[in-house]
Number of protein chains: 2
Amino acid sequence: MSKKEFDLSHFIPYLLNQAAEKSSRDFENIYKIDFGITQAQWRVIANLGKYGTMSSKEIRLKLNQNKTSISRAVYALEEKGLLARKTSEKDRRYEELQLTADGQKMFKQLGKAAITHNQSIFTALGQEDAERLTQILNRMIE
Amino acid sequence: MSKKEFDLSHFIPYLLNQAAEKSSRDFENIYKIDFGITQAQWRVIANLGKYGTMSSKEIRLKLNQNKTSISRAVYALEEKGLLARKTSEKDRRYEELQLTADGQKMFKQLGKAAITHNQSIFTALGQEDAERLTQILNRMIE
DNA sequence: AAATAATAGTTTCACTTGAAACTAATTTCA
DNA sequence: TGAAATTAGTTTCAAGTGAAACTATTATTT
């Protein structure tokens, strides 16, 4: 990227964006069509599945998302019976969120599908590059 | 990613998405605030700046974008006087798009800013990882 | 050659999005 | 203590989005 003329194919933000879209295409169909949830809802499930009880704020910080979209995802998951909330005793502004039994079941199923999807990416890229990529991306995100 | 439990921090589509957002944050301000255009418009400019004359369809294929958003970006750029279109003689369904002098000027300025931005990403990641990343991403996109 | 299919680009419409305003609760500080 | 500031989460509203229907043109088929 030291030439004079700009070229999108050397521009990392653009490349990341394209690769992100391409790499999630197949998996999107799974959570959207097979499970009937949105990306934001899937990510909330993924967090609660891993960490147990969390507040909306904690999820929002993990995901770098705005409050509105988390609020909406939490509401939708509650409506679907996948998530339960309870006002915190210590600070009644917070809500303690956790997956219901159905929510945990969905986390397990979707998690399995996600692992399979990720493995197919690893296979396509080759183990070494896939690991290096994972590591670089994690470093970028911190 | 061979553990039993799913974890977003090993899931490549998620990591790519987060890295894409983070890496474009600063540059977004430049084209949005300083130049008053959207991401789609900037990408159209970047393509026309590099390739000269193109049709909407060619741009859409390069960018993996839907027709609607390209159509709107082209219209907006035309309104701003950054782009001119002319019905193709050979096939009057096509439009030959190209940047105006103002459009080329913006391409040069924004391209310069983009190169600077990219260099700062290279610096942050280190030359070697940044090059490897670029190469892996290009391979993913094909 | 006329009818049908396909293609490039636009428009419509229902849905999504996020910033800002809002509510309710807690903390700060004067 | 009581007023002002801060915080968690919700709602509103204006703008953005993309799939599907549409228009205009060209290609294919019969």
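Note that the coordinates shown come from a computational prediction; the quantities given were computed from them, not determined experimentally. Per chain, numbering begins at 1; letters A, B, ... match sequence-line order.
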d(CD, A:Gln41; C1', C:dC15) in whole Å: 14 Å
Integer-rounded Å distance: C:dG9 C1' and B:Glu58 CD: 14 Å
Check: A:Glu95/A:Ser55 side-chain N/O donor and acceptor closer than 3.5 Å: no
Exercise: do B:Ser24 and B:Glu28 side chains pair donor with acceptor under 3.5 Å: no
B:Ser56, nearest nucleotide to its side chain (from D:dT26, D:dA20, C:dG9): C:dG9
Interatomic distance, B:Lys86 NZ vs C:dA8 C1' [rounded to whole Å]: 16 Å
Nearest to side-chain heavy atoms of B:Ser71, which nucleotide of C:dT11, C:dA24, D:dG9: C:dT11
From C:dT7, D:dT10, C:dA19, nucleotide with atom closest to A:Lys67 side chain: D:dT10
Residue B:Tyr94, side-chain heavy atoms: nucleotide from D:dA19, C:dA8, C:dG18 that is nearest: C:dA8
Nearest-angstrom distance from the residue atom CG of A:Asp91 to P of D:dG9: 9 Å
Integer-rounded Å distance: C:dT7 P and B:Ile70 CD1: 19 Å
Side-chain H-bond candidate by donor/acceptor type, A:Asp102 with A:Thr100, under 3.5 Å: no
Whole-Å gap separating P (C:dA8) and CZ (B:Arg93): 6 Å
Out of C:dT12, D:dT11, D:dA24, whichever nucleotide has its closest atom nearest the side chain of B:Thr68: C:dT12
Under 4.0 angstrom between B:Arg92 side-chain N/O and D:dT26 OP1 or OP2: yes
Candidate nucleotides C:dG9, D:dA8, C:dG18, ranked by approach to the side chain of B:Ser55 - the nearest: C:dG9
Pairwise 5' ranking along DNA chain C for A:Glu89 and A:Thr38, keeping only the more 5' one: A:Thr38
Atom-to-atom span, CZ of B:Arg60 to P of D:dT17 - whole angstrom: 17 Å
Sugar-phosphate, base or nothing in reach of A:Lys57, heavy atoms under 4.0 Å: sugar-phosphate
Contact under 4.0 Å: A:Arg85 side-chain N or O vs D:dT10 OP1/OP2: yes
A:Lys32 NZ - D:dA19 C1' separation (whole Å): 13 Å
Any side-chain heavy-atom pair of A:Lys22 and A:Gln18 under 4.5 Å: no
Residues A:Gln135 and A:Glu131: side-chain donor-acceptor under 3.5 angstrom: no
Of B:Arg72 and A:Ser88, the one whose closest DNA chain C nucleotide lies more 5': B:Arg72
Minimum-distance nucleotide to B:Glu95 side chain [options: D:dT10, C:dT10, C:dT26]: C:dT10
